[in-house]
Participant: 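Once you've had a glance at the structure underneath, I'll fire off some questions.
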Amino acid sequence: LASGIMHEINTPVHYIGTNLEFLQKEFQKLLNLQNRYREVIDRGRSGSGIATSDLDDITKLENCLDLDSIERQIPGALSESQEGIDLMRTIAEAMKDFSHPPQHEFALTDLNKCLETIAVMTQHEWNKVANLLLDLDSTLPLVNCTRDQIYQVILNLVVNAAQAVNARVK
């Protein structure tokens with residue numbers, strides 16, 4: 001379970017890291033161009049004049065940038081990174097909910113929340129062999145039960161079902 005959860009976390013971490021590297025690289029190029037523009041403008045304002053080499057430098061820096069591509073890619077990189085952060089937050093919340101200290105007492109329990117948590121926690125088991133559709137009833141009343149035992153039963157059912165489907169597919 002732990003290795004599966006780590007796999008689920010590593011996926012968004014990877015694409016967030018890739019997106020940040022892209023954004024950092026393109027930002028540095030834009031910053032270099034902006035700094036060179038400022039130098040040339042300051043030189044022009046001071047009366048020193050603008051040399052052909054200044055314009056050549058700016059042209060070279062501009063050619064290192066594909067502004068149309070950057071404009072298209074940055075919103076996607078930011079959106080994908082936000083999705084990754086949201087996914088990691090969901091996994092972290094499920095882990096927190098799942099890993100609370102065991103309570104062997106009866107208490108009112110939200111079965112929908114139990115099912116959602118188990119779906120997130122076991123995604124690595126079923127997502128390559130099956131689709132898991134949760135059709136939850138928002139009017140389902142709280143159930144007086146031992147939450148830890150309900151978690152364990154649902155966890156076992158989902159993992160066993162995923163393993164059975166996987167064995168049948170092979």
Side-chain angles (χ1 to χ4, degrees), residues 1-34 65-170:
L1 188 62
S3 68
I5 292 168
M6 287 311 301
H7 173 75
E8 294 301 320
I9 291 172
N10 278 333
T11 300
V13 165
H14 174 73
Y15 61 76
I16 291 169
T18 301
N19 287 335
L20 288 174
E21 287 172 21
F22 160 74
L23 292 169
Q24 186 177 29
K25 184 175 113 183
E26 297 305 319
F27 178 73
Q28 188 59 53
K29 289 180 190 176
L30 288 167
L31 196 58
N32 292 342
L33 179 61
Q34 179 185 14
L65 290 168
D66 181 354
L67 293 175
D68 292 335
S69 177
I70 291 172
E71 265 186 75
R72 284 190 315 273
Q73 290 180 16
I74 286 178
L78 293 171
S79 176
E80 187 178 75
S81 296
Q82 186 60 56
E83 288 171 17
I85 289 169
D86 292 344
L87 177 57
M88 288 190 305
R89 184 179 299 119
T90 299
I91 292 168
E93 287 172 1
M95 286 173 50
K96 179 183 171 194
D97 190 47
F98 184 77
S99 65
H100 68 283
Q103 298 172 346
H104 300 292
E105 302 169 0
F106 279 79
L108 292 177
T109 303
D110 182 350
L111 293 181
N112 287 334
K113 179 70 175 156
C114 291
L115 291 166
E116 289 169 344
T117 298
I118 295 299
V120 171
M121 298 295 290
T122 60
Q123 185 173 358
H124 66 282
E125 291 284 343
W126 54 261
N127 69 347
K128 289 189 173 69
V129 296
N131 292 323
L132 179 64
L133 174 65
L134 294 179
D135 186 13
L136 305 175
D137 182 355
S138 61
T139 63
L140 185 68
L142 299 177
V143 176
N144 192 25
C145 64
T146 306
R147 187 176 105 164
D148 297 324
Q149 291 176 341
I150 291 295
Y151 268 127
Q152 194 61 53
V153 167
I154 297 169
L155 176 74
N156 290 343
L157 285 171
V158 172
V159 169
N160 291 344
Q163 289 172 348
V165 169
N166 189 33
R168 186 123 170 124
V169 170
K170 288 182 178 180

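Just the heavy atoms: all of them, side chains too, but no hydrogens, waters or symmetry mates, feed the values below.
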Participant: Can you check side-chain contact (heavy atoms from CB on, under 4.5 Å) on Ile9 and Met95, steps first, answer last?
Facilitator: CA-CA 11 Å; Ile9 291 172; Met95 286 173 50; 4.3 Å; yes
Participant: For residues 111-120, which side-chain N or O atoms pair as donor and acceptor with protein atoms under 3.5 Å away, sequence neighbours left out?
Facilitator:
from, atom 1, to, atom 2, distance (Å)
Asn112, ND2, Asp137, O, 2.7
Thr117, OG1, Asp97, OD2, 2.9
Thr117, OG1, Lys113, O, 3.0

Participant: Tell me, with the steps shown, if Asp148 and Gln152 meet side chain to side chain donor-acceptor pair (under 3.5 Å).
Facilitator: CA-CA 6 Å; Asp148 297 324; Gln152 194 61 53; over 6 Å; no
Participant: Can you measure from OG1 (Thr122) to CD1 (Ile154) and round to the nearest 0.5 angstrom?
Facilitator: 10.0 Å
Participant: So does Ala107 get a backbone contact from the side chain of Thr109, meaning a donor-acceptor N/O pair under 3.5 Å?
Facilitator: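 Yes; judged by distance alone, with no hydrogens or angles, the pair exists.
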Participant: Are Gln82 and Asp86 side-chain neighbours, meaning at least one heavy-atom pair lies under 4.5 Å?
Facilitator: yes
Participant: When rounded to the nearest 0.5 angstrom, what is the spacing between CG in Leu33 and CG in Leu67?
Facilitator: 7.5 Å
Participant: Atom NE2 of His124 and atom CE of Met6: how far apart are they, to the nearest 0.5 Å?
Facilitator: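 Atom-to-atom, His124:NE2 and Met6:CE are 12.0 Å apart.
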Participant: Roughly how far, to the nearest 0.5 Å, is the CG atom of Leu87 from the CD atom of Gln123?
Facilitator: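 Here the rounded value is 7.0 Å.
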Participant: Atom CG in Asn156, atom OH in Tyr151: separation rounded to 0.5 Å?
Facilitator: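 It is 14.5 Å, given to the nearest 0.5 Å.
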Participant: Can you give me the closest heavy-atom contact between Met88 and Pro12, atom names plus distance?
Facilitator: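 That would be CG-CG, 3.6 Å.
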Participant: Between Asp68 and Arg72, does a side-chain contact (heavy atoms from CB on, under 4.5 Å) hold up when you go through it step by step?
Facilitator: CA-CA 6 Å; Asp68 292 335; Arg72 284 190 315 273; 3.7 Å; yes
Participant: Anything under 3.5 Å between a donor and an acceptor, one on a side chain of residues 15-22, the other on a protein residue two or more places apart or in another chain? List them.
Facilitator:
from, atom 1, to, atom 2, distance (Å)
Thr18, OG1, His14, O, 3.0
Asn19, ND2, Tyr15, O, 3.1
Asn19, ND2, Ala77, O, 3.2
Asn19, ND2, Glu80, OE1, 2.9
Asn19, ND2, Ser81, OG, 3.1

Participant: Enter the distance from Gln24:CD to Leu31:CG here, rounded to the nearest 0.5 Å.
Facilitator: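 Reported to 0.5 Å precision, the distance equals 11.5 Å.
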Participant: Who passes salt bridge (charged side-chain N to carboxylate O under 4.0 Å, His left out) against Glu26, sequence neighbours left out?
Facilitator: Lys29
